[in-house]
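Naming: A, B, ... by sequence-line order, numbering from 1 per chain.
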There are 2 protein chains.
Amino acid sequence: MTLDDLKHAQRQRLLFLDRCFTWRGVARRRDLADRFGISIAQAANDFRAYLSLITQNAPEYDAHLKAYVASPDHQPIAPSSMLDVFGVLDTASDDALPAALPRAKRWLDPHVATVLHDAISKQQKIRIVYTSMNSGETAPQWVAPTRFIFDGESIHFRAYSYKRGEYRNFHPARINPEDEFQIDELDTPLPFDMEWHSVSTIWLRPSARLTSSQASVVRREFGFNGDLLRIEIRQALEFYFDRRWGLNEPGARLEKVKTETTLSQGN
Amino acid sequence: MTLDDLKHAQRQRLLFLDRCFTWRGVARRRDLADRFGISIAQAANDFRAYLSLITQNAPEYDAHLKAYVASPDHQPIAPSSMLDVFGVLDTASDDALPAALPRAKRWLDPHVATVLHDAISKQQKIRIVYTSMNSGETAPQWVAPTRFIFDGESIHFRAYSYKRGEYRNFHPARINPEDEFQIDELDTPLPFDMEWHSVSTIWLRPSARLTSSQASVVRREFGFNGDLLRIEIRQALEFYFDRRWGLNEPGARLEKVKTETTLSQGN
DNA sequence: TTGTTCCGTATATTTTTTATACGTATACTT
DNA sequence: AAGTATACGTATAAAAAATATACGGAACAA
């Protein structure tokens with residue numbers, strides 16, 4: 001019996017339960033019932049299913065707390081993103097202000113998204129009216145979009161630029177949404193996107209100006225024990241990575257030691 | 001018949017379907033079957049349920065495309081976060097590198113999280129060994145945690161600091177996880193957290209140094225048409241907001257016009 | 001002691017989902 | 001032109017999931 005044998009809905013519930021144990025340390029049937037709108041009886045089922053998956057360091061019922069308590073050596077059955085973790089730790093009250101920053105504020109035009117998605121799935125080129133943030137000028141150009149990209153904040157896309165003769169990252173908001181969006185088939189296959197299919201391996205260390213206890217905090221925050229933190233990322237996304245992690249800012253807590261780039265295996 | 005009448009699992013499926021129509025512009029039964037592991041028959045059910053919810057500008061079947069196509073005036077039945085949108089637009093291939101930045105790299109010690117969660121739910125104070133990033137010094141102090149906070153990247157927490165005599169935001173990674181974490185009941189009730197219960201209304205405009213076409217791109221990107229973008233946020237989170245949106249950086253595309261703070265209603 | 005709130009288990013019933021079959025329309029291949 | 005494949009639709013019986021309900025135990029508070 002593994003997670004994969006379960007239906008999607010129950011798998012989601014067991015994953016939630018797993019996060020409760022990992023991050024809260026405790027879980028009750030009511031947690032499941034409230035979050036997923038299932039009955040207490042079904043939640044009891046899910047607890048049984050979860051416990052049958054855990055062979056070592058399983059959570060145990062604590063009659064005093066009236067709750068299951070995770071073992072101190074609890075091992076999660078699946079990793080969780082910070083957003084997942086927050087979803088478990090946040091004690092949101094009814095319709096008050098949230099305890100998280102507003103995330104949905106970035107905007108994407110549904111029509112632009114649809115046109116791009118279409119061009120990607122049909123492998124077509126389209127004419128977009130694009131405003132450069134460097135020069136500030138707005139001009140039409142033909143591009144062949146290949147993938148959407150997410151930098152954690154907003155959505156970008158990768159496309160072959162016929163104007164530049166190379167692949168570039170584009171920002172949908174810089175496309176004029178009022179345009180007609182001419183579409184055309186590719187007359188020649190697109191060239192290979194080297195930057196996309198290359199992996200940059202980036203080694204980082206706590207910034208040299210930090211004290212040793214500050215440096216160990218940085219290691220803790222980014223989850224590495226040795227000297228260096230190793231990150232693997234598509235070379236085409238390295239710019240977004242640097243910006244998002246604030247590596248080039250004056251107060252940066254991490255600094256790059258070296259970057260190695262190799263052509264990725266497979267896709 | 002509304003979304004709320006449905007079970008959680010089916011509601012999730014209809015929301016996914018809604019995002020397909022909104023952002024991709026098309027949807028097939030196979031999309032649902034693949035994403036949620038349901039049968040084609042059940043996916044057909046879901047389509048019927050979805051279409052019964054949509055009264056105006058409903059998607060229609062296109063026999064040529066062999067897919068449902070959203071009406072050009074499609075109105076989503078629920079808002080979606082950028083992460084949700086990306087989840088629909090990304091054409092992830094098998095186990096290749098993702099097209100999104102690594103998000104799970106920030107780390108949180110499960111034991112520290114558990115201790116904090118406990119103190120919050122039981123309303124206790126705890127002794128933490130905390131490293132200041134300003135002074136770099138590490139010292140024990142008593143705090144009474146009240147809520148977890150999410151800045152979009154990592155998780156922080158709000159707590160009353162007995163050392164400072166005021167509420168502050170803390171970063172879990174700066175707590176020494178090896179500590180024993182002494183716990184104690186509150187001897188007096190905590191004071192009112194004014195900054196937490198106040199709303200800052202922030203008005204932003206495109207940075208003055210931008211050209212007018214660049215400024216309209218910025219308006220498009222942040223989804224406002226008028227002169228000013230208005231953001232409401234807990235006053236206690238304003239620091240994170242500024243940092244996350246890069247408002248104080250040299251190249252900032254938005255600048256603050258004014259900030260008004262009022263005591264929040266209710267919670 | 002009594003009442004409450006957690007936990008557990010078990011059963012019958014209801015709801016959801018699947019498996020399957022059959023029909024229609026479009027597009028592609030032979 | 002005929003055949004094949006793949007979308008869509010509907011319908012029904014069977015299987016699986018979830019609910020309602022009942023009963024019992026442990027801890028705790030009034």
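With Arg220(A) contributing its side chain and Ala173(B) its backbone, the two residues share a donor-acceptor pair below 3.5 Å. The backbone N or O of Gln182(A) sits nowhere less than 3.5 Å from a side-chain atom of Arg127(A) that would complete a donor-acceptor pair.
Distance CG (Leu6(A)) to P (dT17(C)): 15 Å, rounded to an integer number of Å. Atom CZ of Arg28(B) and atom P of dT6(D) are 13 Å apart (whole Å). Per the geometry, CG belonging to Leu51(A) stands 12 Å off C1' belonging to dG8(C), to the nearest Å. Rounding to whole angstrom units, CG of residue Asp34(A) and C1' of dC6(C) are separated by 14 Å. dG9(D) atom P lies 8 Å from atom CZ of Arg48(B), rounded to whole Å. At whole-Å resolution of the value, CZ in Phe47(B) and P in dC8(D) are 7 Å apart. Atom-to-atom, CG of Asp31(A) to C1' of dC7(C) comes out at 14 Å; the value is rounded to the nearest Å. When rounded to the nearest whole Å, the span between NE2 of His8(B) and P of dA17(D) equals 18 Å.
Ring planes of Phe150(A) and Phe86(B): parallel class, angle under 30° (limits at 30 and 60°). Between Phe192(B) and His197(B), the ring-plane angle classifies as parallel under the 30° and 60° cut-offs.
Out of dT19(D), dC8(D), dA16(D), the shortest distance to the side chain of Tyr68(B) is found at dC8(D). Distance from the side chain of Ile38(A) is smallest to dT19(D) among dT19(D), dT10(D), dT18(C). Side-chain proximity of Gln42(A) to dT19(D), dG9(D), dT18(C): nearest is dT19(D).
Sequence order on DNA chain D of the closest nucleotides to Ile40(B) and Arg13(A) puts Ile40(B) first from the 5' end. In this structure, Gln10(A) and Ala27(B) both approach DNA chain D, and ranking their closest nucleotides by distance from the 5' end singles out Ala27(B).
Residues from residues 59-66 of chain B lying near DNA chain C, meaning a heavy-atom separation below 4.0 Å, are Ala63(B), His64(B), Lys66(B) in numerical order.
No side-chain N or O of Trp142(A) forms a donor-acceptor pair with one of Ser161(A) less than 3.5 Å apart. For Asn57(B) and Gln75(B), the side-chain atoms include no donor-acceptor pair closer than 3.5 Å. Side-chain contact, Asp184(A) with Gln124(A): no donor N or O sits under 3.5 Å from an acceptor N or O.
Arg29(A) has a side-chain polar atom (N or O) that falls below the 4.0 Å cut-off from OP1 or OP2 of dC7(C).
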